[in-house]
Amino acid sequence: MDPEEFRKRGKQMIDYVADYLENIRDRRPYPEVEPGYIKELLPDHAPNKPDKWDDVFSDIERVIMPGVTHWHSPQFHAYFSTGNSYPAIVADILSDAIGCIGFSWASSPACTELEMVVMDWLGKMLDLPQDFLFCSGGKGGGVIQGTASEATLVALLSARTKMIRKLLETGDYKDQGQIMPKLIAYCSDQSHSSVERAGLIGCVKMREIPADDSGAMRGSNLKLAIEKDKSKGLVPFFVCATLGTTPSCAFDNILEVGPLCKEEDIWMHIDAAYAGSSFICPEFRPMLNGIEYAMSFNFNPHKWLMVNFDCSAMWVKDSQLVSDAFNVDPLYLKHDHQGKIPDYRHWHIPLGRRFRSLKLWFVLRLFGQEGLQENIRKDVRLAHEFKDLVKTDHNFEIIGEVKMGLACFRLKGKNDRNEMLLKAINEDGRIHLVPSKFRDIYFLRFAVCASRTTSDDVKFAWKVIQELSRKYLSDSSNENIQNKTSLE
Ligand code: PLP
């Protein structure tokens, strides 16, 4: 592809992308293919001689699209929302063209410096405490990680190093090997699987604290566990609190958990992967109260802030503690300005990093805080609208409280009928949902995911659900009622 062809084909691709997104409603959100379908459509060797562009381009519809789950379809209501906007897509084109590997300031100064600026901008939009921001002149600051999973792991490894150093200084331990089996971390039993995984990768025990009836981790349960573990000679060092849990969007009580962590010198990390974006709205910001107790905080602009994957914003109060866990400094990476400005390679796991701040910068500038707030408020409004529709039908019940853009619901009665209903919904294919469970209650999650979702889409989804539920309502074998054991 020469430059002239690139200009032509690039424009053709932009048109394709705009058509794809603007007409996405016409596509079934969940694909109908079976595993292995692509292998049947493609040769088993790469071409020897170059293929023609037109053949590659036409294979997008023939080969790729039949197997795409359309996350940005207004009829996609699974998982949580994931960001998508033209400004972010355009910025990623630029990032790919620049193609720098911004592991240090010197490896591309703009890559580091823009990230510092936009992370401060975003931190201010969330009204984060000053000590998380570069502009405070302290040790705090923000970094863009690829995912919330990586942020949790970085936090856990930093906390681990901090505690190991502290214990080694006491002189009671001979080496790290003696300390590692004693370390224990905590999260709620509603935390995302990535938290358990961080414990596995970090080779530390992770204790799950049973959530209360609303799905929240409470200080009292955590305190009990910490005391019990300490009496067994274990060393609590890390708590991951979640704001907006994946199963039901519950909020851990960080105003209880935070002071406890402070008292026990435990690193509190807050995972607000989905709900964090909402804190740019003053009416949702009180849910972040208690952030002042956290050592690190993370949320995904790539979920609910119109930024395409991957862009996970993480702030730390003391970046030195993070660098301590990751700092290796070979000669070939050194430069003259070291120490004056962050070298982000010390803030995350891989060495290489993309110029991700560009898409955040484009989005923050081209939507403005007000535009982003509007999208969040719209999604919360639509989740409430769905909840109100569910409440009109006595066969259904709402599970938990609708706080963000997620409404959890189920057919009253046994779990089986809900499992069958979900299967029917996804086989039908007009909308796509995923299930969840709290204690023994199986329920369905209705997430408002796409920025294009409207009130009509919500009504459409409810119509589909009601229509498909009729079959299970007429099945009298299901009339045994499963007792609800809360989410309240
Ligand atoms: N934490 C929570 C609360 C989540 O809901 C999710 C994903 O939905 C994650 C972490 C994982 O996010 P990521 O894919 O960015 O690692």
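Predicted, not measured: the structure shown is a model, and the values here were computed from it. Every number for a ligand or one of its atoms is a count from 1 in the order of the listing.
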*What class does the angle between the rings of Phe446 and Phe386 fall in, given that below 30° is parallel, 30 to 60° is tilted and above 60° is perpendicular?*
parallel
N/O to N/O under 3.5 Å, ligand 1 against protein:
residue, atom, partner, partner atom, Å
ligand 1, 1 (N), Asp271, OD1, 3.3
ligand 1, 1 (N), Asp271, OD2, 2.6
ligand 1, 5 (O), Thr246, OG1, 2.9
ligand 1, 8 (O), Lys303, NZ, 3.3
ligand 1, 15 (O), Ala148, N, 2.8
ligand 1, 15 (O), Asn300, ND2, 2.9
ligand 1, 16 (O), Ala148, N, 3.3
ligand 1, 16 (O), Ser149, N, 2.9
ligand 1, 16 (O), Ser149, OG, 2.4

*Less than 4.0 Å between a side-chain N and a carboxylate O, is that true for Arg356 and Glu115?*
no
*Decide, yes or no, whether a salt bridge links Glu256 with Arg218 under the criterion of side-chain N to carboxylate O below 4.0 Å.*
yes
*Pi-cation contact, Trp361 with Arg365 (under 6.0 Å, within 45°)*: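 Positive - Arg365 is close enough to the ring of Trp361 and near enough to its axis.
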*Within 45° of the axis and under 6.0 Å from the centre of the six-membered ring of Phe80, does NZ or CZ of Arg445 qualify?*
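Judged by the rule (NZ or CZ under 6.0 Å from the ring centre, within 45° of its axis), Arg445 counts as positioned above Phe80.
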*asked:* According to salt bridge (Lys or Arg N to Asp or Glu O under 4.0 Å), who are the partners of Glu283, at least two apart in sequence or on a separate chain?
replied: Arg377
